[in-house]
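Notes to accompany the following structure.
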Amino acid sequence: MESFSATTKRSAEVAAAVAEHPERYRVLTGERPTGPLHLGHYFGTIRERVRLQQAGVETFVVLADYQVITDRESMANVRENVYSAVLDYLAAGIDPQSTTIFTHSAVPALNQLMLPFLSLVTEAELHRNPTVKAELAASGRALSGLLLTYPVHQAADILFCKGNLVPVGKDNLPHVEMTRVIARRFSERYGDVFPVPDALITATPEVPGLDGRKMSKSYGNAIALSMTPDETVAVIRGTRTDQERRIGFDPEHRPGVSALLSTAALCLGVDPAELADEIGDAGSSALKAVTATAVNDFLAPLRARRQAFAADGDVVRTVLRRGNEIANAVAEGTLAQVREAMGTSY
Ligand code: TRP
């Protein structure tokens, strides 16, 4: 496996190549619809997707509904989460005319790719995946077959549309690496059908949650894009900081204070240490007020657009229906090539 620094370096080279030749790239990326999208998603990947779309790169976004049941039993709220994510995308500037938004469960030919792909990896390789190990530990449950094999499913997400560029946070890098292995092995065994995709590591790969840990729905430390300004103020007020009057940026020793500084600084486009100096001796309540205002001001236009889209009852369903139609046509085309390559077209 490539080292992280080699991947980072490669990612920077790829970013330069994309800027020069956007037409050579097709992006596939996506989310698990396990809860509302939050600022971590926005700064981690959504903003980058909008940038790539505006640069003229064709983009596919999967709402990975089958990935919801990798480490939990219930599909409760999945449909609601999918609809809410589509609203967030539209509000953030993703244009459904040029970006295909689709769901796993609506695209059978994509899912069928999982079978030949599974034959190309060993059980030992699956067990070695650090992200799967971490997710297994966090779930506190027995390892499901789907959790063990979901990186292969993710390879199917990427390769069904011949995606060659995958913007991800670093927690998803092992999956892109596995996709590269699968694409190479498929070519060796059956011939050239799939590209070997590159990861594009986003500039802000990890946004801290309000407690300094990774921002995550499951930690309850996230600011959802869909929150009202009052809800935003309330979650920020409720965070744990410390008693020191002097505000300072020190993620290791002052995680709560530093997480608020990082969040505000991202929204204001300034440096967190400089922002700390500006707040100076005003203490935690001033820091919280600054952060809440920064977040609410930053999200105000997005939230206004979100409301306008939400008011039109059909928008989300139309976007998904169209996206799923396109994804099905693309997946069937790829599966036909796979059958041809494998000698199974009858
Ligand atoms: N696993 C990703 C996440 O944790 C979501 C995802 C599913 C994805 N399929 C993908 C990301 C393909 C990039 C490419 O959010």
Side-chain angles (χ1 to χ4, degrees), residues 7 11 14 25-46 48-49 52 57-72 78 81-82 84-85 88-89 94 99-107 110-111 113-114 117 129-136 138-139 144 146-183 194-202 204-207 214-219 222 323 327 330-331 334:
T7 311
S11 176
V14 172
Y25 291 90
R26 183 178 265 187
V27 163
L28 180 292
T29 178
E31 257 91 38
R32 292 211 291 173
T34 49
L37 298 187
H38 51 63
L39 273 184
H41 295 112
Y42 182 80
F43 287 114
T45 70
I46 295 174
E48 178 72 4
R49 285 178 209 166
L52 286 164
V57 181
E58 192 185 0
T59 303
F60 283 70
V61 177
V62 60
L63 284 162
D65 49 3
Y66 275 140
Q67 253 184 42
V68 171
I69 41 173
T70 50
D71 60 357
R72 63 196 81 198
V78 165
N81 294 338
V82 163
S84 164
D88 289 330
Y89 292 158
I94 289 184
T99 295
T100 301
I101 303 170
F102 69 99
T103 51
H104 266 156
S105 58
V107 189
L110 179 161
N111 292 300
L113 291 177
M114 177 101 168
F117 287 2
N129 185 305
T131 309
V132 170
K133 282 194 214 165
E135 288 177 16
L136 173 64
S139 78
S144 76
L146 191 59
L147 179 55
L148 180 65
T149 55
Y150 97 87
V152 180
H153 195 212
Q154 193 152 322
D157 296 344
I158 296 167
L159 295 177
F160 92 97
C161 65
K162 305 194 181 175
N164 57 3
L165 189 63
V166 189
V168 283
K170 64 173 187 273
D171 57 338
N172 265 271
L173 276 178
H175 308 337
V176 180
E177 193 50 45
M178 174 150 278
T179 305
R180 292 167 61 87
V181 166
I182 288 172
F194 298 109
V196 178
D198 276 303
L200 185 65
I201 303 169
T202 42
T204 324
E206 235 160 68
V207 180
K214 182 185 165 181
M215 187 174 278
S216 164
K217 303 164 266 224
S218 43
Y219 294 159
V330 170
T334 302

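Ligands are counted one by one from 1 in listed order, and the atoms in each one are counted from 1 as well.
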Report summary line: The answer for which part of D171 has a heavy atom under 4.0 Å from ligand 1 is neither
Query raised in the report: Quick one: nearest non-hydrogen protein atom to atom 2 (C) of ligand 1, plus distance?
Result: N172 OD1, 3.5 Å
Query raised in the report: When you look at V166 and T179, which way does the side-chain contact (heavy atoms from CB on, under 4.5 Å) test go after all the steps?
Result: CA-CA 10 Å; V166 189; T179 305; over 6 Å; no
Query - atom 9 (N) of ligand 1: nearest protein contact (heavy atom, Å) - result: D157 OD2, 2.7 Å
Query raised in the report: With a cut-off of 4.0 Å, which atoms of ligand 1 are near a heavy atom of A64?
Result: 7 (C)
Query - Minimum-distance pair of heavy atoms, taken over all atoms of A156 and M114 - result: CB-N, 4.4 Å
Query raised in the report: Going by atom types only, do R32 and T70 share a side-chain donor-acceptor pair under 3.5 Å?
Result: yes
Report summary line: When distances are taken from atom 8 (C) of ligand 1, the protein heavy atom at minimum range is Q154 NE2, 3.4 Å
Query raised in the report: Is any N or O atom of H175, backbone or side chain, closer than 3.5 Å to an N or O atom of ligand 1?
Result: no
**Report entry** Side chains of L52 and L200 in contact at under 4.5 Å (non-hydrogen atoms)
**Finding:** yes
Query raised in the report: Can you tell me if N111 and H104 form a side-chain donor-acceptor pair at under 3.5 Å?
Result: no
Requested in this report: Walk me through it: do H175 and Y150 pass the test ring pair (Phe, Tyr, Trp, His ring centres under 6.0 Å)?
Outcome: CA-CA 9 Å; H175 308 337; Y150 97 87; 4.9 Å; yes
Query - Closest non-hydrogen atom pair, A183 against P195 - result: CB-O, 3.3 Å
Report task. Please state whether the rings of F194 and F117 are parallel, tilted or perpendicular, taking 30° and 60° as the class boundaries. Result -> perpendicular
Report summary line: When distances are taken from atom 5 (C) of ligand 1, the protein heavy atom at minimum range is G30 O, 3.5 Å
**Report entry** From E135, R32, Q67 - option closest to atom 1 (N) of ligand 1 by heavy atom
**Finding:** Q67
**Report entry** Proximity to ligand 1 by part of V62, non-hydrogen separation under 4.0 Å
**Finding:** side chain
Report task. Check whether any N or O atom of E31, backbone or side chain, sits under 3.5 Å from an N or O atom of ligand 1, and answer yes or no. Result -> no
Query - Residue L28 vicinity, atoms of ligand 1 by number, heavy atom under 4.0 Å - result: 12 (C), 14 (C)
